[in-house]
Structures are given as C-alpha cells and as structure tokens.
Amino acid sequence: MQNNNNDNIVDNPADIELNKPSKSRFLFLLFFFGYFIFAWAGCYNLYEHHYQKNDKITVPDNTLYDPKYK
C-alpha cells in the first residue's frame, strides 16, 4: 500500500513561492515602496519641525558688530 500525498496538491498561481520571478518582483517592490515611504516620512517630519524665525529677540548693544558702549 503506497501513500501518495502529491495528488491533493493544487498549483496556485498566486503563490509567490512557486514563481521565482514573481517573488523577486514582489520583494523588490516591497523594499522600494518601504524605503520610499520611510524617506518621505522623514522629510515630512523635518518639514513639520523646521526652525521658525523669531524676530522678537533683543540683542544687547555691546554684542553687535559695531558695539555701543555706555
């Protein structure tokens, strides 16, 4: 009596393990879009927390380029 379990296997075209070019393309796109989203999020975070100019700073007169002493 032989047990042959291969009779119940159905090839699934959506399975990336069976198709190596499809697996390669999937992993490339996953890496590419993951890197793109990571870079975009970093740039967006830098843009949101950028330095904002403050014109209300008072500079002492003795520290100017041409200092004014009392």
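This one's a predicted model, so the numbers in the text were calculated from it and none came from an experiment. Note that these values count all heavy atoms, side chains included, but never hydrogens, waters or copies made by symmetry.
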Distance-only check: which donor-acceptor pairs under 3.5 Å involve side-chain atoms of residues 40-51, not counting sequence neighbours?
{"from": "Tyr44", "atom 1": "OH", "to": "Glu48", "atom 2": "OE2", "distance (Å)": "3.4"}
{"from": "Asn45", "atom 1": "OD1", "to": "His49", "atom 2": "ND1", "distance (Å)": "2.7"}
{"from": "His49", "atom 1": "ND1", "to": "Asn45", "atom 2": "O", "distance (Å)": "3.0"}
{"from": "His50", "atom 1": "ND1", "to": "Tyr47", "atom 2": "O", "distance (Å)": "2.5"}

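- The side chain to side chain contact (heavy atoms under 4.5 Å, CB included) test applied to Ile37 returns no partner, not counting sequence neighbours.
- Sorted by first and then second residue, the salt bridge (Lys or Arg N to Asp or Glu O under 4.0 Å) pairs with a member in residues 23-44 read Glu17-Lys23; sequence neighbours excluded.
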What pairs of donor and acceptor atoms, side-chain ones from residues 59-68 against any protein atom, are under 3.5 angstrom apart with sequence neighbours left out?
{"from": "Thr63", "atom 1": "OG1", "to": "Pro60", "atom 2": "O", "distance (Å)": "2.8"}

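- Clustering of Ile, Leu, Val, Met, Phe, Trp and Tyr by side-chain heavy atoms under 4.5 Å joins Phe33 with Phe28, Leu29, Phe32.
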